[in-house]
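Single-structure report; data block below.
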Amino acid sequence: MALIADAGLLGMGRRLGEARLGAVVLAGSENGATCLNGMPVAPGAVRMLGRLGRLQELEEHPLLARHVAIIRSTTVPNAAILISEHYEESIEDLIFLERLPESAIRNVAGQIAEALCHLHERRVVAGGMDVSHVLVVPPPPRLQQLQQKAGRIHIRLARFGLPLLSDDGRDLATPIGVAHAMAPEQLLAPPPLPRWTVPVKGSTSGRLAPCSRKADVWAAGIVLLQLCTGVVVSQCFSTREWLALMNDVIRDAADGPRDVSLFEGLARSLCEQTAAAGARLGRVRAAYGRLVTVAGECLRLRTKCRPSAPELLQRLKDDGYTREESDEDWSEMSVEEMGRIVDEEEKDEDRVVKSMPIDDVFFLWTLSGASVEKILLDRGVVKTKPPVLAGALVAVDDLQLTGNEEGRRFDAVITTTVLPMTNLREKVRSLNALTLLHSMEATAGRLPTWREGEERLPVVVKEKDVSYQAARMSLLAHLLASHSHLQQAQPALLQAAVAADVPPLRRAGVWRALLGVSPLDGDQFAALDTVSAHTSDRQLEVDIPRCHQYEEVMTSPSAHYKLKRLLKAWLEAHPRYVYWQGLDSLAAPFLLLNFENLPMALACMTSFIDRYTRDFFLKDNSHIIQEYLAVFNHLISFVDATLYTCLAEMDFFPELYAIPWFLTCFAHVLPLHKLLHVWDALLRAETSFPLFVGVSVLLQLRPSLIGASFNDVILLFSDLPDLQIDRILSDTRELYARVPRSCVHLAQRREEGHTMTEYTAAQLRTFCCPRLSREDLIDLVQREAVAIVDVRSPPEFHRGSIVRSVNYPNVDDATMGSIRTLLETAQANRHPICIVDVATMTVAKRFSSLLVSNGVCGVTMLDGGYDAVRNTPALIRVGSGI
Amino acid sequence: MAARGGAAARPASAAGNKTCQFKLVLLGESAVGKSSLVLRFVKGQFHEYQESTIGAAFLTQTVCLDEATVKFEIWDTAGQERYHSLAPMYYRGAQAAIVVYDITNQESFQKAKNWASPNIVMALAGNKADMANKRAVDYEEAQAYAEDNGLLFMETSAKTSMNVTDVFMAIAKKLPLGAGPEPARDTVDPSQSTQRASGGSCCK
């Protein structure tokens, strides 16, 4: 049963364990400025959205709490909510409740130093660290006693990295961190307070000097001071009192030596608060003198005199700090002991949810009907004024509001709010744990079956179903983790597993696998120059700011920057291609799914374009596009001859509407949430799939197309109505399975197994139906799934003909006398009708045109005429067989 | 929507008023606001982040003059030059054109000069007039150019809707209303003139 844990071990990120989800409100700054292009600058909350990934990369470190997501608020203007891994107790609570043994101080200090070291090495500043941000990770219940006895406390640093997230505080309306944690240099020279400051309780307003690594060390010193004295600064001093104290202490120290420390001055004031504090400090000083010295060094007035984080860590290590990775060593355990642990875990009814990756948990949490914003508003964490009091005095256009700025501000408490998880826990408890367990070896690669009909529900319904998603995510985590191994043994397994749908949180991995992209494929990115000027720069500059802008993340500056780099990298890697408008839309899904991994985004995009839109982005692509559109037109006639005729009669050709469809594989036509579902299906299919999607779109619009005028029809295509993607996909799948592959043969993308005459686009346009290859005909004849009409002259026919073919030489006889039943039966069974002619196909063209204009569907011509099959004995009967 | 209704049922020739249909194309650099102008004219809407146009979009709108009702069939074309070769059918047979440039972008004005065709009614529209504080193209310069080349000229703003209807009305007034509803088929293909123009001299 411990197998459940696998999802966490499969590289899907940290497991939930004993953690909770915490939410912090970040008020974005705004200044109403506009960009060079006249568009308003993205508000602070939006600017922060795109930067989370950079922080998430760091969080594999065991001493850092994971930032799970950042959401833009919809009720409060310009606020973002940061969701992070959270634990109910922090060091602050332990100090306050006097539960922090003096023996644990060095260990805690060491862990803090180690976390800072890790961040600083990666050029990230923690920013405003406070005792309340140092969370205590509770051990699993079975280890509680053991840990307590050893006096060990595991910590995880939360709410770090806000400077990076907010561009050094520029995008935040509030300062980073509380006043108590601020270093003297941050307090001494605050820049003038901006006008648009949001008043926030418990902190000074306005932006202060940026956070720095040395300010982090100061904050660590303040944490140490509190650990040593047992006094929680924020409990004993108001912001005003603390600032006054700092003022006094700094003034006293100003005349001191260069490396003067504020430790003693601050410690004295803290010890005045309670008698116990002085006694505790005395004891700590006696027992851990080195530690107090180190704390003093951290609190030196001058930044240059403070140690760096690595120096701090080294000093604590010299003093005897070591970090234990884990309290249990499985390698030294007996089987019985392990069995006991597993049995104990079994008893925990929340073991399933605890074993899920924390990101999955938050995704499922949102599915279980919870809204972070509503919780924050209900609890009064965010307070807004009623809309009637929030109106502006003057509104210019739709965007600029002037007057009554006060009314549109909101109050927010900057504490972490724990998100309740009762609903989700109960939901997961009710799941059959077995649906989350799949052993491909044990089931010989058989995929689990879902509840009756569950798979056939609309995708949007399935995407909101907690239990379905939990089970699917778990299955795909397994399949993706073992993909490279399974690919050899059972190449179709992943394909089959995602036939019904792709769980949103696994989409990036699934797409990579389906596109055949390996991690090594990202290597070329580093060699590409994505910075130097490129001929497409000006076009990219005007296109990127309007690419999929209804999608929140796409509006953030970091998304714009990354999309530009991705496109430039692609152009750089493919010198024979150029930038066509629309390429930006096509690249966007790959960017969004690989936001922090541009090399992977590039590899996926390259593979995708090679498979589905190859050569479309050549400088001169007209012959490629024209051929594609001609084949598309043939497919329309095959599937729906009446519609084809109707459109053809009003000279309404695919050139007028379908270029953006196929050039961008619908990325410029469909909104992203629909596009992703289309591409989920597309990636399992071959290169011709987009043609079928196109026909399915036409079929959905059919009622508005038949009998309409040219203008009506083109208006409809210029402003496509809301399309039902589920219906389009089911139609597409049906057509894709039914239509012989040679009917959508593209000369430019030679497919294996078909010998087809290559025609130019101009020649193809003279046909009004697709051609059938010899190979497809053989297959169809064997399955008795084709009606064959031979239009050659009777003598030729009697000399040799295809088995079960019917001779109908009098093609101008529109009554279809002898073949009427044959055609009707074929159409009723949805079988293709194959017209066989001599190699020139002149008669076949005339006859196919007649059939199509009479509304006969499924008409094809045998490519190369009878000559193509003359030497295929299995297909031929010689002499008059009738 | 009004436009669509109008397209379905041609307005009856009330009080001897006849309806004329004309094909109008919008030309000009990327992101100068061609689609925004059309959207403002036809639907009265404005989107700050109007998506780029691939190929072309088609809309219709009807304006009433004293002597006739003019129905515009508007082809809003892709700004990126590459697309011009892909679908010349958008331009073919157009009787009127609005060449749009962005008053904050000198290059877009230079590109606008490449579009010229003697046989059709043309207007030059300097769009984004609401951003006059970032102006890079002088009003007088553009006006002089338009006068020299016999173009109608207006500065417009799709955002504030300044002069948007006016530029279409001005074109309607200059169109040969006597020619009747049948579009003349012998008009010059502007896409050809741009090819000539890109060869060097500006065709006038």
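Each chain gets a letter, A, B and so on, in the order its sequence line appears, and its residues count up from 1.
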Relative to each other, are the rings of A:F617 and A:W570 parallel, tilted or perpendicular (30° and 60° limits)?
-> perpendicular
Between A:Y550 and A:H548, does the ring centroid distance fall short of 6.0 Å?
-> yes
Option in B:G79, B:A56, B:S52 with maximal non-hydrogen atom pairs under 4.5 Å from chain A | B:S52
Checking A:T664 against chain B: side chain, backbone, both or neither under 4.5 Å from a heavy atom?
-> side chain
Contact origin within A:L656 toward chain B - heavy atom pairs under 4.5 Å | both
Counting only heavy atoms closer than 4.5 Å, note whether A:Y579 contacts chain B via side chain, backbone, both or neither.
-> both
Can the ring centroids of A:W661 and A:Y628 be said to lie less than 6.0 angstrom from one another?
-> no
So which part of A:Q549 gets closer than 4.5 Å to some heavy atom of chain B, the side chain, the backbone, both or neither?
-> side chain
Ranking B:L59, B:N133, B:I54 by heavy-atom pairs under 4.5 Å to chain A gives rank one to B:I54
Residues B:K134 and B:D102 bridged, charged N to O under 4.0 Å | no
Plane angle bin for A:H574 and A:Y577 - parallel if under 30°, tilted between 30 and 60°, otherwise perpendicular = tilted
